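Notes to accompany the following structure.
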Amino acid sequence: MAHLSNSQRVVITGLSIVSPLGNTIAELTRNVFSGVSGIKRLNMPFVDEMDCKIAAQAQFDPANHFSKHTYSMLDRTSQIALYTSVEAIKDANLIIDDAMKPRMGIYLGTGMGGAQSIEDGYVRLYKEGASRLKPFTVLMSMNNAAASAIALEHQLTGPNQTFSTACSSSAVAIGEASRLIRHGYADVMLAGGTEALLTFGTMKAWEALRTLAEEDVDDIGASCKPFSVDRTGLVLGEGSAMLVLESYEHAVTRGAKIYAEIAGYGAANDCNHITQPSVSGQSATMQAALNDADLSANAIQYINAHGTGTKLNDITETNSIKKVFGSHAYELSVSSTKSMHGHLMGAAGALEAVITTLAVHSNTLPPTINLAHPDLECDLDYVPNHSKTLTKLEYAMSNSFAFGGTGAALILKKLN
């Protein structure tokens, strides 16, 4: 079945996650709308050598889900991605037959790929004096390892690409996958992101960058405080999130349940600074998504913000929203769910897309927790501390902005 039109509607029919807020959609839903924090003391052997001793870890043991052979061949970033691909397909109740395989692919985002495998190799070479590395070190650490493992597992012969644009990687992957379906190059796509960078070397590098949050000594779970005047930075997290995207026609024909529609996708680069976001870049990203959806700014009711909890990002994103939405910026709701699940880097956009999809599906907005002392320069409705229910949530936006200047925004729509 080939399509060469640009009018295919794209819908979401399957969701799956491995995250600091649980490893099932039911757990994520319960925790994210109840304001539960997944930020805890880092549980790693090297924690005593860290200045930053907090993180948002996923409680997921891949050894319980894979054979010894598969487990030994994959980095943790591929293990959690492969697991979420299987679960997302189950959630979509999708049977992948031979006719579907050429029309189904995988687009995945990751910032650092197999960080643990790279680090293990360096330790063996430089610390332990080994002369040879494990033969699969390259295959485990390359950025496209996870996407390739997923394609192999499900025998998907359609498009397979990996996007690495730092914190916007998986939002870009979802947006580009939706375009692929919209323009008729695929009927079904797995799209999402994965990241497992809670390694000693990677966390030390982040410490050096001086963007990590200070530990809240009274409540570790409250260490990430987006939009609060006492915010001190971001908290590193890990996890994977996967969506099954289908053309509306394909989903309806097979009688699939539909969570939401992807109504728009925009991407832009701010060309400002390698680490400092700009209002021009972020506003261009959001405006591009609105243009793609052919929507006026007033149609958006909720934004799942990038909302890292750093001083600069939160003010810049606030001013960017004001630039795009004008007076409507004070009428729509905004939240940063990173206050609960931390920053999953290359997987952040996918997890937040899943959360935004659940918000649209349930008419409920997740909160920004730990917002006790609002920054006067951040003066929007950030859904502080408790979730909010709307009569109807029709359009929501999910923002992702990255070091290097790459931004991506997705617009989710309730299916009518």
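Please read all numbers here as calculations on a predicted model, not as lab measurements. Scope of the values below: all heavy atoms of this structure, side chains included, with no hydrogens, waters or symmetry mates.
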Using every non-hydrogen atom in the two residues, find where [X] and [Y] come nearest and quote the distance to one decimal.
X: Gly239; Y: Ala347; result: O-CB, 3.4 Å
X: Ala213; Y: Ile54; result: O-CD1, 4.1 Å
X: Ile258; Y: Ala251; result: CD1-CB, 4.2 Å
X: Leu42; Y: Val47; result: O-CG2, 3.6 Å
X: Phe401; Y: Gly407; result: CD2-CA, 3.8 Å
X: Leu108; Y: Ala147; result: CD2-N, 3.7 Å

NZ/NE/NH1/NH2 to OD/OE distance under 4.0 Å, [X] and [Y]:
X: Lys225; Y: Asp216; value: yes
X: Asp187; Y: Arg254; value: no
X: Lys311; Y: Asp375; value: no

Within the distance-only criterion (no hydrogens, no angle test), does the side chain of [X] pair as donor or acceptor with the backbone N or O of [Y] below 3.5 angstrom?
X: Ser164; Y: Thr110; answer: yes
X: Ser228; Y: His373; answer: yes
X: Glu215; Y: Ile220; answer: no
X: Ser168; Y: Thr406; answer: yes
X: Glu176; Y: Ala173; answer: no
X: Ser170; Y: Gly193; answer: no
X: Gln8; Y: Gly184; answer: no
X: Asp97; Y: Met100; answer: yes
X: Thr232; Y: Glu214; answer: yes
X: Asp270; Y: Val279; answer: no

State, with a plain yes or no, whether a side-chain heavy atom of [X] is found less than 4.5 Å away from one of [Y].
X: Leu380; Y: Lys322; value: yes
X: Ile174; Y: Tyr265; value: no
X: Cys224; Y: Ile39; value: yes
X: Tyr302; Y: Pro366; value: yes
X: His154; Y: Val86; value: yes
X: Arg76; Y: Gln116; value: no
X: Pro62; Y: Tyr71; value: yes
X: Arg9; Y: Leu415; value: yes

Once rounded to the nearest 0.5 Å, what's the spacing between atom [atom1] of [X] and atom [atom2] of [Y]?
X: Ile118; Y: Met140; atom1: CD1; atom2: CE; value: 11.0 Å
X: Asp61; Y: Phe66; atom1: CG; atom2: CZ; value: 10.5 Å
X: Leu212; Y: Asp51; atom1: CG; atom2: CG; value: 10.0 Å
X: Gln282; Y: Thr316; atom1: CD; atom2: OG1; value: 6.0 Å
X: Tyr395; Y: Leu295; atom1: OH; atom2: CG; value: 5.0 Å
X: Met203; Y: Met50; atom1: CE; atom2: CE; value: 4.5 Å

Margin query: Checking Gln161 against Leu180 for the side chain to side chain contact (heavy atoms under 4.5 Å, CB included) test, could you report, in this order, the C-alpha distance in whole Å, the side-chain angles of both residues, the deciding distance, and whether it holds?
Written below: CA-CA 12 Å; Gln161 294 190 23; Leu180 207 64; over 6 Å; no

With a sphere of 6.0 Å drawn around [atom1] of [X], does it hold more than 12 non-hydrogen atoms of other residues, nucleotides or ligands?
X: Phe46; atom1: CZ; value: yes
X: His386; atom1: NE2; value: no
X: Phe136; atom1: CZ; value: no
X: Ile95; atom1: CD1; value: no
X: Asn93; atom1: CG; value: no

Checklist line | Parallel, tilted or perpendicular: ring planes of Tyr259 versus His361, cut at 30 and 60 degrees | finding: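 Geometry flag for His361 against Tyr259: perpendicular rings.
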
Next item on the list: Return the orientation label for the Tyr83 and Phe60 ring planes: parallel under 30°, perpendicular over 60°, tilted otherwise.
Entry: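 The rings of Tyr83 and Phe60 sit tilted, inter-plane angle from 30° to 60°.
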
Notebook entry, point to check: Can Ser339 and Asn370 be said to form a side chain to side chain donor-acceptor pair (under 3.5 Å), step by step?
Noted result: CA-CA 7 Å; Ser339 57; Asn370 313 319; 5.2 Å; no

Notebook entry, point to check: Can you name the salt bridge (charged side-chain N to carboxylate O under 4.0 Å, His left out) partners of Asp219, sequence neighbours left out?
Noted result: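 So Asp219 forms no salt bridge (charged side-chain N to carboxylate O under 4.0 Å, His left out) with any residue.
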
Notebook entry, point to check: Got a sec, which residues hit salt bridge (charged side-chain N to carboxylate O under 4.0 Å, His left out) with Lys53, two or more places apart in sequence or on another chain?
Noted result: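 None.
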
Note to self: Assess the residue pair His250 and Val11 against the criterion (side chain to side chain contact (heavy atoms under 4.5 Å, CB included)); give the C-alpha distance rounded to whole Å, side-chain angles, the decisive distance to 0.1 Å, and a yes or no.
What the structure shows: CA-CA 10 Å; His250 192 276; Val11 296; over 6 Å; no

Notebook entry, point to check: Checking side chain to side chain donor-acceptor pair (under 3.5 Å) for the pair Lys414/Asn363: CA distance, chi angles, key distance, verdict?
Noted result: CA-CA 9 Å; Lys414 185 183 292 295; Asn363 299 316; 3.0 Å; yes

Would you tell me whether [X] and [Y] have side-chain atoms, one donor and one acceptor, within less than 3.5 Å of each other?
X: Thr308; Y: His306; result: no
X: Ser16; Y: Asp91; result: no
X: Ser67; Y: Thr70; result: yes
X: Asn399; Y: Glu317; result: yes
X: Asp381; Y: Ser333; result: yes

Check: Yes or no on side chain to side chain contact (heavy atoms under 4.5 Å, CB included) for Lys338 and His341, after CA distance, side-chain angles and deciding distance?
Finding: CA-CA 5 Å; Lys338 287 186 177 71; His341 54 66; 3.8 Å; yes

Next item on the list: Please test Glu246 against Ile181 for side chain to side chain contact (heavy atoms under 4.5 Å, CB included), starting from the C-alpha separation and ending with a verdict.
Entry: CA-CA 7 Å; Glu246 295 187 55; Ile181 295 172; 5.6 Å; no

Item checked: Pairwise side-chain hydrogen bond (donor to acceptor under 3.5 Å, both in side chains) hits with a residue in residues 197-206, at least two apart ->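 Found Glu119-Thr199, Thr199-Thr202, Lys204-Glu207.
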
